[in-house]
There are 2 protein chains.
Amino acid sequence: MHAHPRRVRFESSDAVAPHQFGVLAQLNESPRTPRELADHERVSAPSMTRTVNGLVDRGLVARTDDPTDGRQVIVSLTGEGRQLLKDIRRRRDAWMSVRVSRLSREEQDVLRQAAVILARVASE
Amino acid sequence: MHAHPRRVRFESSDAVAPHQFGVLAQLNESPRTPRELADHERVSAPSMTRTVNGLVDRGLVARTDDPTDGRQVIVSLTGEGRQLLKDIRRRRDAWMSVRVSRLSREEQDVLRQAAVILARVASE
DNA sequence: TATTGTTATACTCTATAACTATA
DNA sequence: TATAGTTATAGAGTATAACAATA
């Protein structure tokens with residue numbers, strides 16, 4: 001509480017479970033209500049309450065009251081949560097980059113084209 | 001217990017969880033010990049005990065004693081388990097076939113090539 | 001002693017039902 | 001009444017530790 005705030009992040013575990021990562025990624029787009037988070041992740045409201053609680057306890061997200069509707073709360077990323085998401089993505093990208101970089105240019109093109117096709121199929 | 005045995009299968013739920021499907025698929029290759037199943041699925045031995053119990057309860061697999069090593073047991077598919085696995089795969093293939101069949105010949109080629117590349121990357 | 005498998009126990013994520021507060 | 005969120009409770013998956021039986 002008195003010195004190197006970055007040490008805290010680097011010393012703590014960066015691990016987040018898949019369902020937590022999904023919430024962080026959503027909140028990186030914009031703040032959301034628990035209802036919106038639950039619908040997007042296709043889990044029940046109580047499950048999302050639990051997930052959000054865990055992220056709040058870790059200081060990665062924060063709850064604030066909706067100023068216009070007293071029933072709702074707004075969940076948003078903290079600076080720490082945003083930084084953690086960024087770190088995780090950087091690490092994942094690095095992991096994949098190494099493997100893709102070993103492929104030939106033609107192979108990389110095939111993967112790029114396949115990604116486009118699969119994205120279209122998945123959205124049907 | 002007196003007539004249409006197939007009715008039983010068609011009336012019962014075909015749903016199997018992913019970790020159960022993995023075990024059925026392994027056993028379709030050949031019978032295995034719980035130890036082998038656990039190692040392959042990368043779960044602990046007690047978890048595999050539980051999974052096998054569930055499959056035994058549903059009549060999809062059976063335990064038999066190893067004749068040469070009294071410590072080991074052998075888990076194998078029942079006829080019902082083999083048939084269920086076959087049905088699930090047929091349904092999955094049908095689902096994917098419909099989507100792939102809507103693609104052009106070129107797009108299908110791209111996916112085939114990508115699958116080969118990704119399989120190689122994944123096995124590195 | 002080492003190995004195989006199970007039982008005991010606990011933690012996490014999931015769900016549905018019931019409850020509170022607000023619209 | 002309907003909606004948003006939480007709490008209560010239970011089910012299914014995971015794990016580690018401890019145990020029994022056998023090699």
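Within every chain, numbering begins at 1; the chains are lettered A, B, ... in the order of the sequence lines, protein sequences first and strands thereafter.
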Exercise. Where the side chain of A:Gln72 is defined as all heavy atoms beyond and including C-beta, which of D:dG13, D:dG5, C:dT14 is the nearest nucleotide?
Worked result: D:dG5
Rounded distance (Å) that lies between atom [atom2] of [N] and atom [atom1] of [X]:
{"X": "B:His19", "N": "D:dG11", "atom1": "NE2", "atom2": "P", "answer": "17 Å"}
{"X": "B:Asp65", "N": "C:dT6", "atom1": "CG", "atom2": "C1'", "answer": "14 Å"}
{"X": "A:Asn53", "N": "C:dT14", "atom1": "CG", "atom2": "C1'", "answer": "15 Å"}
{"X": "B:Met48", "N": "D:dA12", "atom1": "CE", "atom2": "C1'", "answer": "15 Å"}

For this session: Scan A:Asp66 against the nucleic acid and name what it touches under 4.0 Å (heavy atoms): base, sugar-phosphate only, or nothing.
Result: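 Touches nothing.
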Can you check whether [X] has a side-chain N or O nearer than 4.0 Å to OP1 or OP2 of [N]?
{"X": "A:Thr68", "N": "C:dA23", "result": "no"}
{"X": "B:Arg50", "N": "C:dA8", "result": "no"}
{"X": "B:Ser47", "N": "D:dG13", "result": "no"}
{"X": "A:Thr49", "N": "D:dG5", "result": "no"}

Exercise. Does the side chain of B:Glu107 reach to within under 4.5 Å of the side chain of A:Arg120, using non-hydrogen atoms?
Worked result: yes
Problem set entry | Any B:Val43 side-chain heavy atom under 4.5 Å of B:His19 side chain |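 Not in contact.
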For this session: Run the salt-bridge test on A:Arg105 and A:Asp109 with the 4.0 Å N-O cut-off and return the result as yes or no.
Result: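 Yes, A:Arg105 and A:Asp109 are salt-bridged.
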Exercise. Got a sec, which hydrophobics cluster with A:Val100, joining ILVMFWY side chains under 4.5 Å apart, including via others?
Worked result: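 In the cluster with A:Val100 are A:Trp95, A:Met96.
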